[in-house]
Amino acid sequence: MEVRTRFAPSPTGYMHIGNLRTALFEYLISKKYNGSFILRIEDTDQKRYVKNSEDLIYKTLRSVNLKHDEGPDIGGNFGPYVQSQRKELYLKYAQKLIKKDKAYYCFCNKNRLEKIEGGYDRCCRNFSIEKINKLINKNTSHVIRQKIPLDGNTSFFDEVFGEITVENNDLDDQILIKTDKLPTYNFANVIDDHLMKITHVVRGSEYLSSTPKYNLLYEAFGWEIPKYVHLPLIMGKNLDGTVSKLSKRHGSVSFEDLIKEGYLPEAILNHIVLLGWYPNNKKEIFSLKELENEFSIENISKSQSIFDFDKLNWFNFEYLKSKTQNELLKLFNFYIKKSIDKNLDYKKIVNMLKNRITKLSEIPEKISFLDKFENYDVNIYINKKSKTDVKSSFFVLEFVLKKLENLDDWNLENLHDLLVNTAKELNLKNGAVMFPVRIAISGKLITPGGAAEILDIIQKEESIFRIKKSIALIQKMGFKKS
RNA sequence: GGCCCGGUGGUCAAAAGGUUACGACACCACCCUUUCACGGUGGUAAUACGAGUUCGAUUCUCGUCCGGGUCACCA
């Protein structure tokens, strides 16, 4: 039998990282067994519907390369793939259940329900046919509820968690069809999964406790029960140290937020696949193709995991490192433009930034000094290791300035040599020259890149200008020429 | 609170009765170095607790504790 999995997001406006991870696992399971990955939109809650969020779902799946084989946009043999377009179907099946005495009409209004303590009291469960007909003829609004057995227990087998048994007593007569005639999530899920021939129901473990009700439904219909694969939850750490289901208060937890922060889709995917699954080897960096081969249901873990931004940073850094200069140029372009107005060589900036950033959003702040030169505290010239102070720096700068003014062929190699030779000439450590020059042209104690690199990027005219300015600054603020 | 699930360093996690308890991230130190990074080397740090089963428990059983999930006309 063909393995079929489905990703069934609700169009609520953003892609939660936990949802994406579920989609990933569903995709991987289908690929692992050469099966199909189906996309189904679950829009039965008209109140929460956010317009155009289907587009966001498509866009997200595309950007992480999770291609679906069937779905609203590409069709398939089991459509329609949007639940609101399947409305009549659910009602029909619910009525079938009523005939089988596995479901019943409930006429309780919300007011009454709210007053009952301890959940629904099953007051409509045993209404006579006459009474029901009368109420329906009077157009009394109603829902359809599942008729859960009053005693006994229900077991199901989960591929990750194993056998789980609960007392039927603990299950409530959940609503199948709402007053608006649309199905609830739990009901629509069962119907659609069966009709779409889904073999593996993959979802977060928050659904573990409602799964017995699913089984009862499948049994009532006489349908084959799919394999359940419940995934351990992704958690977030709260400010007070406690943990809870990953949500907005934990920071950026939607895919699009993470992208905005400058994380790469591949890095995000790689990070979340390792949250709840582990490979048989010690490997950590996986391409999607590799995952398709190596993924296995047996290696899904049971315990929840915390979404760790440090680790994500590391993954992002690793993926950034593996990019070519051209790829980086494309990736960095937008962020460099944010803080650079001048016409500088972006390639050089990329080279300088490489290995120095973990996420793209760090770029603007890191390189703004290339564009704007601001006054600074001259005390930053004092450095033990480089054996520099304000006075020595002043001397070096004046010395180097003349040499730079005479340098015609302004390139990285020549600049580097010039500085090294200067140090030799003055009988100083390299650092004693590099350090003050770097500060003089950047105005910063810490910069990405060294003196030669920065000189090369901002070019001769600006370099000379900045050094002169720095010399003047030292004279004015700290050290009087003797 | 009832029910369900889980519990190995700060985080992710390997070890499916016998190990000096693997590895990665983070952290720290040192080396390299032109600041910061990168890179290299090394280090700190864990089986929640208590009983049992066993020659021997991280591993099996039970209890306690802790954590999480769920109890909607939301998904």
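Chain letters run A, B, ... following the sequence lines, proteins first and then strands; every chain starts at 1. Side-chain atoms are counted along with the backbone in the values below, which use heavy atoms only and exclude waters and symmetry mates.
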Please list, chain by chain and in numerical order, all residues satisfying ring-ring contact (aromatic ring centres under 6.0 Å, His included) with [X], sequence neighbours excluded.
| X | value |
| --- | --- |
| F161(A) | none |
| Y90(A) | none |
| F307(A) | H271(A), F309(A) |
| Y319(A) | none |

Check nucleotides 57-60 of chain B for protein N or O atoms closer than 3.5 Å to its own N or O atoms and list the pairs.
none

Item to complete: Please identify each residue that fulfils side-chain contact (heavy atoms from CB on, under 4.5 Å) with N238(A), with sequence neighbours left out.
Response: D240(A), T242(A), S244(A), R249(A), H250(A)
Worksheet item: Mind checking what makes side-chain contact (heavy atoms from CB on, under 4.5 Å) contact with I382(A), not counting sequence neighbours?
Response: N379(A), D389(A), V390(A)
Using atom types as modelled, flag every donor-acceptor pair under 3.5 Å from a side chain in residues 422-433 of chain A to any protein atom, sequence neighbours excluded.
residue: T422(A); atom: OG1; partner: L418(A); partner atom: O; Å: 2.6
residue: E425(A); atom: OE1; partner: K403(A); partner atom: NZ; Å: 2.7
residue: K429(A); atom: NZ; partner: K385(A); partner atom: O; Å: 3.1

Worksheet item: Taking only Watson-Crick and G-U wobble pairs with both distances under 3.5 Å, what dot-bracket line describes RNA chain B, where [ ] shows pairs that cross earlier ones and | shows pairs with another strand?
Response: (((((((..(((.....[....))).(((((.......)))))....(((((..]....))))))))))))....
Worksheet entry | Proximity to RNA chain B (any heavy atom under 4.0 Å), residues of residues 428-445 of chain A only | N430(A), G431(A), M434(A), F435(A), R438(A), L445(A)
Response to the item:
Here the residues of residues 316-323 of chain A within 4.0 Å heavy-atom distance, strictly under, of RNA chain B are F317(A), K321(A)
Worksheet item: Any donor-acceptor pair under 3.5 Å joining the side chain of R356(A) to the base of rC38(B)?
Response: no
Worksheet item: Does K138(A) make a cation-pi contact with F107(A) (under 6.0 Å, within 45 degrees of the axis)?
Response: no
Below 3.5 Å is the cut-off: list the nitrogen or oxygen pairs between protein and nucleotides 69-75 of chain B, distance only.
residue: rG69(B); atom: OP1; partner: K245(A); partner atom: N; Å: 3.2
residue: rU70(B); atom: OP1; partner: K245(A); partner atom: NZ; Å: 2.7
residue: rU70(B); atom: O4'; partner: S209(A); partner atom: OG; Å: 3.4
residue: rC73(B); atom: O2; partner: T179(A); partner atom: N; Å: 2.7
residue: rC73(B); atom: O2; partner: T179(A); partner atom: OG1; Å: 2.5
residue: rC73(B); atom: N3; partner: T179(A); partner atom: OG1; Å: 2.2
residue: rC73(B); atom: N4; partner: C108(A); partner atom: O; Å: 3.3
residue: rC74(B); atom: OP1; partner: K47(A); partner atom: NZ; Å: 3.4
residue: rC74(B); atom: OP2; partner: K178(A); partner atom: NZ; Å: 3.0
residue: rC74(B); atom: O2'; partner: D45(A); partner atom: OD2; Å: 2.9
residue: rC74(B); atom: O2'; partner: R48(A); partner atom: NE; Å: 3.3
residue: rC74(B); atom: O2'; partner: R48(A); partner atom: NH2; Å: 3.4
residue: rA75(B); atom: OP1; partner: T44(A); partner atom: OG1; Å: 2.9
residue: rA75(B); atom: OP1; partner: D45(A); partner atom: N; Å: 3.4
residue: rA75(B); atom: OP1; partner: K178(A); partner atom: NZ; Å: 3.0
residue: rA75(B); atom: OP2; partner: Y185(A); partner atom: N; Å: 3.1
residue: rA75(B); atom: O4'; partner: R48(A); partner atom: NH2; Å: 3.4
residue: rA75(B); atom: O3'; partner: S10(A); partner atom: OG; Å: 2.7
residue: rA75(B); atom: O3'; partner: E42(A); partner atom: OE1; Å: 3.3
residue: rA75(B); atom: O2'; partner: S10(A); partner atom: OG; Å: 3.0
residue: rA75(B); atom: N3; partner: Y207(A); partner atom: OH; Å: 2.9

